[in-house]
Amino acid sequence: MLQQTTVATVTPYFNKFIRAWPTLTALAGADLDDILRVWAGLGYYRRAKLLHEAARILQADFKGHFPDDEAVLRSLPGIGVYTAAAIAAIAFDKPANVVDGNVERVMARLFLVDEPLPHAKKTLRGLAATLVPSRRPGDYAQALMDLGATVCTPRAPSCSACPWKRHCRAFALGKEGVFPRRRVQKAKPIRKTTAFVLLNDRGDVLLRRRPSHGLLANMMEVPTSPWHKGEAFPQEQDFACTPAKAVWTKCPGVVRHVFSHFILEAVVFKAVVRRKHSGTWVSLADLDKQALPSVMEKIIRRACLS
DNA sequence: TACACGTGGAC
DNA sequence: TGTCCAAGTGT
């Protein structure tokens, strides 16, 4: 859960998740959709699928026990270089080189690494490796990440409180604010779509399941037109995508949602039908129990508030 | 190697 | 409103 996600964001999801599946056996036996319902809103949904697959493999091939070897851990789905090292260090107290974004920043400042990220990752990893202790490596790994998260912060680091201030080359030069250097990232393209929120007189909304690969895989959505790259909208052919013949009313404004690599702008249309169409109808009161990504919740909210 | 893959908080 | 970026991984 913590991959590319802050502790503050993860905490409530973790608590709900661990209550639902307290053991590896429970998780291995769960349905993916139930896992996605709890994961909904957290993002990077493939993590949930890979975690589920890892649980099943651990159950089937490892007698329900995590291996303590990094290379073996690395073979499990969703466990990459960082997570394998973190498990080895924190769970098994092995001297693994645990390098996350925090550690990269600490090393870049400590050793004054001028090379920009992400190219500098290999260099920073090598520098971090020189500091891994043989004594209490698990505590060291967590202390180093916490140092980055709470003291050696991206902006306005608390250098005066830093236990490493006398060793930090960036601090010595008063340049802690400019490290780590980063390559400028390119602007996100804008995609546009028309979304159709179909409601019925019982307070239900029509949803459908997204494909099992790609963006928001296996999650639920309201029907939308294909997501165009930049053309004006709504386009006439978008209305070939309506889920039912009905009187469609345009909701005011545009729903704008920022994904990791593009921005989506959705014009929302709504309609209310009386008769029951086929399809998956979900009570608006139960939307928080669905595998509904944030962007779709935002679109439905726009329709209901207009 | 570079890109796909979500979301929200801080400033 | 825009930018950064967070306990990264898979392809």
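The structure presented is a predicted model; accordingly, all values stated were derived computationally and were not measured. Proteins come first, then strands; the chains are lettered A, B, ... in the order of their sequence lines, and each starts at number 1. Computation of the quantities below employed the complete heavy-atom set of this structure, encompassing side-chain atoms and omitting hydrogens, waters and symmetry-equivalent molecules.
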Notebook entry, point to check: Nearest nucleotide by nearest heavy atom, which residue falls closer to the 5' end of DNA chain C, A:V7 or A:L50?
Noted result: A:V7
Note to self: Check this one for me: any side-chain N or O of A:R182 less than 4.0 Å away from OP1 or OP2 of C:dC5?
What the structure shows: yes
Item checked: Rounded C1' spacing from B:dT1 to C:dG10 in Å -> 13 Å
Item checked: Interatomic distance, A:T11 atom OG1 to A:K16 atom NZ [nearest 0.5 angstrom] -> 15.0 Å
Notebook entry, point to check: Roughly, in whole Å, what's the span from CZ in A:R183 to C1' in C:dC4?
Noted result: 17 Å
Notebook entry, point to check: Under the 3.5 Å rule, do the base of B:dG6 and the side chain of A:Y44 count as making a donor-acceptor pair?
Noted result: yes
Margin query: Please report the distance, rounded to the nearest Å, between CD1 in A:I87 and P in C:dA7.
Written below: 17 Å
Next item on the list: Could you say whether A:G214 or A:T6 is positioned toward the 5' end of DNA chain B, judged by the nucleotide with the nearest heavy atom to each?
Entry: A:G214
Check: CZ/A:R209 to CE/A:M219 distance, rounded to the nearest 0.5 angstrom?
Finding: 8.5 Å
Item checked: Gap between atoms CD and C1', on A:Q3 and C:dC5 respectively (whole Å) -> 16 Å
Item checked: Spatial distance of atom OG1 (A:T6) from atom CD (A:Q4) [nearest 0.5 Å] -> 11.0 Å
Checklist line | A:R155 side-chain proximity, nearest of C:dA6, B:dG6, C:dC4 | finding: C:dC4
Item checked: OP1 or OP2 of B:dC5 under 4.0 Å from side-chain N/O of A:H261 -> yes
Next item on the list: For the pair A:R109 (side chain) and A:F179 (backbone), establish whether a donor and an acceptor sit closer than 3.5 Å, ignoring hydrogens and angles.
Entry: yes
Checklist line | Closest listed nucleotide, where the reference is the side chain of A:V295 and the choices are B:dT7, C:dA7, C:dG8 | finding: B:dT7
Item checked: Gap between atoms CE and P, on A:M1 and B:dT7 respectively (whole Å) -> 15 Å
Next item on the list: Measure the distance from CG on A:L42 to C1' on B:dG8 and round it to the nearest whole Å.
Entry: 11 Å
Check: Donor-acceptor pair under 3.5 Å: do we get one between A:T9's side chain and the base of B:dG9?
Finding: no
Next item on the list: In whole angstrom, give me the gap between the C1' atoms of C:dA7 and B:dA2.
Entry: 23 Å
Note to self: On the side chain of A:R46, is there an atom forming a donor-acceptor pair with the base of C:dT9 - under 3.5 Å, no angle test?
What the structure shows: yes
Next item on the list: Using the P atom on both, measure B:dG6 against C:dT11 and round to a whole Å.
Entry: 14 Å
Margin query: Side chain of A:M145, heavy atoms from C-beta onward: which of C:dT9, C:dA7, B:dG6 has the nearest atom to it?
Written below: C:dA7
Check: Taking for each residue the nucleotide of DNA chain B with the nearest heavy atom, is it A:H119 or A:A217 whose nucleotide lies nearer the 5' end?
Finding: A:H119
Note to self: Using ring centroids (six-membered ring only for Trp), state whether A:F259 and A:H261 fall under 6.0 Å.
What the structure shows: no
Item checked: Sole residue of A:V103, A:L117, A:V106 in side-chain contact (heavy atoms from CB on, under 4.5 Å) with A:L124 -> A:L117
Notebook entry, point to check: Expressed in angstrom and rounded to an integer, what is the separation of A:E297 atom CD from B:dG6 atom P?
Noted result: 17 Å
Note to self: Whether A:S294 contacts B:dT7 is assessed here as follows: a side-chain N or O lying under 4.0 Å from the phosphate OP1 or OP2. Is that the case?
What the structure shows: yes
Item checked: Pair A:K49 + A:E53, salt bridge at N-O below 4.0 Å -> yes
Notebook entry, point to check: What distance, rounded to whole Å, do you find between the two C1' atoms, one in C:dC5 and one in B:dC5?
Noted result: 15 Å
Notebook entry, point to check: Out of B:dG6, C:dC5, C:dG8, which nucleotide sits closest to the side chain of A:P154?
Noted result: C:dC5
Next item on the list: Report the distance from atom CD of A:Q4 to atom P of B:dG9, rounded to the nearest whole Å.
Entry: 17 Å
Next item on the list: Quickly work out the A:K186 NZ to B:dC3 P distance and round it to whole Å.
Entry: 4 Å
Checklist line | Of the listed nucleotides C:dG2, C:dA7, B:dT7, the one nearest the side chain of A:R256 | finding: C:dG2
Next item on the list: Would you indicate what A:G41 reaches in the nucleic acid, counting non-hydrogen atoms under 4.0 angstrom: base, sugar-phosphate, or nothing?
Entry: sugar-phosphate
Check: Under 4.0 angstrom, heavy atoms only, what part of the nucleic acid is A:V103 near: base, sugar-phosphate, or nothing?
Finding: nothing
Next item on the list: Side chain of A:P293 only, please: which of C:dG8, C:dC4, B:dT7 is the nearest?
Entry: B:dT7
Notebook entry, point to check: Is any side-chain nitrogen or oxygen of A:H257 closer than 4.0 Å to OP1 or OP2 of B:dG6?
Noted result: no
Check: Picking from C:dC4, B:dG6, B:dT7, which would you name as closest to the side chain of A:Q185?
Finding: C:dC4
